[in-house]
Amino acid sequence: MRRSTPSVTAYREGPFLVRGPITLVDEDGQELCLRRDTIALCRCGRSKAKPLCDGSHAAARSFPPRTSPA
């Protein structure tokens with residue numbers, strides 16, 4: 001079932017899981033090709049596939065703190 005609106009879930013010591021229709025662009029404004037309806041975005045900075053998560057956070061001993069919405 002396809003979602004009509006995107007949602008983002010932040011996992012405590014893992015990625016941001018993005019579900020639904022989105023357009024992801026790089027810092028130059030170029031659209032990145034997404035082949036799935038669910039993607040994981042790196043939060044730890046260790047992924048070799050940035051901005052996508054490659055599971056590198058599993059080996060991390062420390063992780064950036066979660067922030068609360070303002």
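Just so you know, these numbers come straight off a predicted model, no measurement behind them.
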Exercise. Nearest heavy-atom pair of R12 and R43: which atoms, and what distance?
Worked result: O-NH2, 3.0 Å

For this session: Please confirm whether the backbone N or O of C42 pairs with a side-chain atom of K50, one donor and one acceptor, at under 3.5 Å?
Result: no

Exercise. Does some side-chain heavy atom of L34 sit less than 4.5 Å from a side-chain heavy atom of I22?
Worked result: yes

Exercise. Partners of Q30 by side-chain contact (heavy atoms from CB on, under 4.5 Å), sequence neighbours excluded?
Worked result: D26, D28

For this session: Could you please spell out the steps behind the side chain to side chain contact (heavy atoms under 4.5 Å, CB included) verdict for T9 and F16?
Result: CA-CA 6 Å; T9 305; F16 288 115; over 6 Å; no

Exercise. Does the side chain of L24 reach to within under 4.5 Å of the side chain of P51, using non-hydrogen atoms?
Worked result: yes

Seminar exercise, completed: Heavy-atom closest pair (P6 atom, P21 atom, distance to 0.1 Å) is CG-O, 3.3 Å

Problem set entry | Heavy-atom closest contact (D54 atom, K48 atom, distance) | OD2-N, 2.9 Å

Problem set entry | Closest heavy-atom pair and its distance - E13, H57 | O-CD2, 3.2 Å

Exercise. Side-chain heavy atoms under 4.5 angstrom apart, residues restricted to Ile, Leu, Val, Met, Phe, Trp, Tyr: same cluster for V8 and L17?
Worked result: no

Exercise. Listed by chain and number, what are the side-chain contact (heavy atoms from CB on, under 4.5 Å) partners of R36, not counting sequence neighbours?
Worked result: I39, L52

Exercise. With ILVMFWY side chains joined below 4.5 Å, transitively, what does V25's cluster contain besides itself?
Worked result: none

For this session: Flag the pair R19 / D37 as yes when at least one side-chain heavy-atom distance between them is below 4.5 Å, and no otherwise.
Result: no

